[in-house]
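Data first, discussion second: the structure below is written as structure tokens.
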Amino acid sequence: MTTDKKYDAIVVGGGHNGLVAATYLAKAGKSVVLLESASELGGATTSVRPFPEYDARLSRYSYLVSLLPDQIVADLGINFKTLERSIASYTPYKKGGKDGGLLISQNWDARTAESFRELTGGDEEGKKWQEFYNEIAVLAERIAPYMLQPLKSAADLKSEIGLPEVWKFMMERPIGEVIQDRFQDDLVRGVVLTDALIGTFTSAQDLQANRCFLYHLIGNGTGQWRVPQGGMGAFVTELNRVAVLNGVEINLNSHVTDIDSSSNGVAVSTASGNKYVATDLLFAGAPQTLAKLRGKSAPASLDGSQMKINMLLSKLPRLKSGVDSKLAFAGTFHVNETYSQLEKAYQVAKLGDIPSDLPLEMYCHTLTDPTILSPELSQRGFHTLTLFGLHTPAALFDADPNGAKEAAKAAAISSLNQYLEDPIESVLAVCADGSLAIEAKSPIDLDNDLGLPRGNIFHRDLDFPFIDGTENAPIKWGSETDDAHIYLAGAGARRGGGVSGIAGHNAAMAVLTKD
Ligand SMILES: Cc1cc2nc3c(=O)[nH]c(=O)nc-3n(C[C@H](O)[C@H](O)[C@H](O)COP(=O)(O)OP(=O)(O)OC[C@H]3O[C@@H](n4cnc5c(N)ncnc54)[C@H](O)[C@@H]3O)c2cc1C
């Protein structure tokens, strides 16, 4: 099909950012067509029923929301809620032959203070924890509104934020060094550090870890990671509804294979032979994919570095520490994530092996939001568990993708089982064919299934949210490319990455405000 119609904009990619960009443009009166390769919308924000005999819709890839600004939810009029978890995290440990655990509530309380005391033998580390996160909370509140405005230079943003000391430790000094200075306990240090390593294959001493850390702590002005009510799929369902309501034409099964541009605008072709023309193109897939389609060299980026494991349980497992499982799994449950274990795992993976003490974190969605299960499964005590394993870069899976995936899954299970009274296999639901209700996704799977280059969950390495002098061309919103008609609208745009809609919003603003 070749249509005579010239659209104002073509949006390529129906992940959440593409939908956000398309809807902002359509709301402003632009004619918009959105082209998505897959047969469904959502990209990395999707819910599926992986074990068909069980009515349980799991967030297959992304699972928690922090970075989505309330402003985008309000502007687009979507009916989507996120729920607070009462527990921030639980980290089991063995000390003096006994099992214990560091339990941290969402808001500092006597139980948290006691838990720090039990681990560290005093109140000093807990005090330092509060000071550190209180300082970051002020930064989060001040910096969040800038994510939806034109970019500033580092110097201007630093001066407007007015927190020179916090700025220094968040943006300029390796976060590993800062953590080692501010905390004494290896486990406490590690709990802090994990936010700097999610999906990011780097050492704590590299500023790339700071970028990851920053995005994990400033979301929506609070940095709180919240549970998407109804799962990630509920977010996409709402985005789809408002996109259609505002007149966006959505074409699924439309894999874009060619992009041309001239001074008049852009033309794209799809694998099925359709052609579309428009004034502007907003590309909401990865920058590496865009570069390939334009015949340019792709920007360098680290390999994606995580295992995602989804599980359906017939009941929650008991813990060796004796803590109530409903508390332990309600927040982020850390395993093998002391500071020294994280650094060691990085070194092991760098040398080409899957770390046997795999650092991982998990949480149970259904403890906060049971609506992703049928009432019957809920009543029977079923739960879901999401596991995110660190320091498993794509390179470890190249030679033998399935064998390496099985090895990484086995490492994750044995790491977790160290702390469980009921081994995880004994509480997994059993499928009709006798298999256990567990699915694993390696970085290679993410590349194959979603087009995430080398499984990078942020499309490419995160940048600081300001102009830092590394740009090849002038940028205003962080979406601009070297072509005046082509914009980046996905996670790989500056300030993109994660479930935020920020890249989609900013690309739409770049188009709507250009001269
Ligand atoms: C396992 C995993 C866990 C994660 N956990 C979290 C989390 O808990 N919280 C969080 O905030 N973030 C998380 N993330 C990151 C987050 O999900 C992504 O950064 C974000 O969803 C990217 O959104 P996007 O819309 O920019 O791109 P994507 O979701 O990648 O969507 C891009 C879309 O473009 C389409 N596309 C690509 N190329 C073409 C083409 N040539 N033609 C047509 N269509 C094309 C793709 O099919 C896809 O649908 C996670 C990611 C993964 C993979």
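Just follow the structure's listing: the first ligand is 1, and inside any ligand the first atom is 1. Only a predicted model underlies this, so the values are computations on that prediction, with no experimental measurement involved.
Proximity of Ser66 to ligand 1, defined as any heavy-atom pair under 4.0 Å, is not found for any part of the residue. At a heavy-atom distance under 4.0 Å, atoms from both the backbone and the side chain of His16 approach ligand 1. Residue-level proximity to ligand 1 for Val12 is carried by the side chain, the only part with a heavy atom below 4.0 angstrom. For Leu452, every heavy-atom contact with ligand 1 shorter than 4.0 Å involves the side chain, none the backbone. Within the 4.0 Å heavy-atom criterion, neither part of Ala503 lies near ligand 1. Only side-chain heavy atoms of His459 come within less than 4.0 Å of ligand 1; its backbone N, CA, C and O stay farther off. In Leu446, the part holding a heavy atom less than 4.0 Å from any atom of ligand 1 is the side chain.
Atom 47 (O) of ligand 1 has its closest protein heavy atom at Glu36 OE2, 2.7 Å. Of all protein heavy atoms, the one lying nearest to atom 32 (C) of ligand 1 is Ala284 O, 3.4 Å. Among protein heavy atoms, atom 11 (O) of ligand 1 sits closest to Val499 N, 2.7 Å. Protein heavy atom in closest approach to atom 22 (C) of ligand 1: Ala491 CB, 3.8 Å. Regarding atom 29 (O) of ligand 1, its nearest protein heavy-atom neighbour is Ala44 N, 2.8 Å. Regarding atom 6 (C) of ligand 1, its nearest protein heavy-atom neighbour is Ser62 CB, 3.2 Å. Atom 3 (C) of ligand 1 has its closest protein heavy atom at Tyr61 O, 3.3 Å. When only non-hydrogen protein atoms are considered, atom 15 (C) of ligand 1 lies nearest to Ile457 O, 3.4 Å.
Less than 4.0 angstrom separates some heavy atom of Leu35 from each of these atoms of ligand 1: 43 (C), 44 (N). Set against the non-hydrogen atoms of Ser254, the atoms of ligand 1 under 4.0 Å away are 42 (N), 43 (C). Each of the atoms 9 (N), 10 (C), 11 (O) of ligand 1 lies under 4.0 Å from some heavy atom of Trp225. Taking every heavy atom of Phe388 and a limit of under 4.0 angstrom, the matching atoms of ligand 1 come to 3 (C). With ligand atoms numbered from 1 in the order given, ligand 1 contributes 26 (O) to contacts under 4.0 Å with heavy atoms of Gly490. Each of the following atoms of ligand 1 lies closer than 4.0 Å to a heavy atom of Gly43: 29 (O), 31 (O), 48 (C), 49 (O). Within ligand 1, counting atoms from 1 as listed, the ones closer than 4.0 Å to a heavy atom of Gly15 are 25 (O), 31 (O), 33 (C), 49 (O). Close approach of ligand 1 to His255 (heavy-atom distance below 4.0 Å) involves ligand atoms 40 (C), 41 (N), 42 (N).
The aromatic rings of Phe201 and His391 lie perpendicular to each other, with more than 60° between the two planes, well past the 30° mark. By the 30° and 60° cut-offs, the orientation of the rings of Phe466 relative to Phe464 is parallel.
For Asp280 and Lys514, the salt-bridge test passes: some basic side-chain N is under 4.0 Å from an acidic carboxylate O. Contact check on Asp206 versus Arg211 returns no salt bridge, with no Lys/Arg side-chain nitrogen under 4.0 Å from an Asp/Glu carboxylate oxygen.
In this structure, Leu367 and Leu316 have side chains that are in contact, with non-hydrogen atoms separated by less than 4.5 Å. Looking only at side-chain heavy atoms (C-beta outward), Pro69 and Leu148 come within less than 4.5 Å of each other. Thr23 has its side chain out of reach of Leu239: every pair of non-hydrogen atoms, C-beta onward, lies at least 4.5 Å apart. Within the 4.5 Å cutoff, the side chain of Trp477 has no heavy atoms near those of the Tyr487 side chain.
Considering both main-chain and side-chain atoms, Gly497 never comes within under 3.5 Å of ligand 1 through any nitrogen or oxygen pair. On a distance-only criterion, Leu64 and ligand 1 share at least one N/O pair closer than 3.5 Å. Residue Met232 has no N or O atom closer than 3.5 Å to an N or O atom of ligand 1. Close N/O approach between Thr45 and ligand 1 is not found [any backbone or side-chain N/O within under 3.5 Å]. Considering backbone and side-chain atoms alike, Val256 places an N or O below 3.5 Å from some N or O of ligand 1.
There is a side-chain donor-acceptor pair under 3.5 Å between Thr371 and Asp369.
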Tabulate below the donor-acceptor pairs under 3.5 Å that side-chain atoms of residues 283-294 make, not counting sequence neighbours, or state none.
| from | atom 1 | to | atom 2 | distance (Å) |
| --- | --- | --- | --- | --- |
| Gln288 | NE2 | His459 | O | 2.9 |
| Arg294 | NH1 | Asp482 | OD1 | 3.0 |
| Arg294 | NH2 | Asp482 | OD1 | 3.0 |

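With Gly285, Gly498, Ser37 as candidates, the residue nearest to atom 45 (C) of ligand 1 on a non-hydrogen basis is Ser37.
The CG atom of Asn240 sits 12.0 Å away from the CD1 atom of Ile78 when rounded to the nearest 0.5 Å.
Among all heavy-atom pairs drawn from Tyr61 and Ala44, the shortest one is CB-O, 3.3 Å.
If you look at Tyr215 and Phe458, their ring centroids are not closer than 6.0 Å.
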*Given the rule in the side chain to side chain contact (heavy atoms under 4.5 Å, CB included) test, do Ile72 and Tyr24 qualify, once you have shown the distances and angles that lead to the verdict?*
CA-CA 9 Å; Ile72 292 182; Tyr24 269 106; 3.7 Å; yes

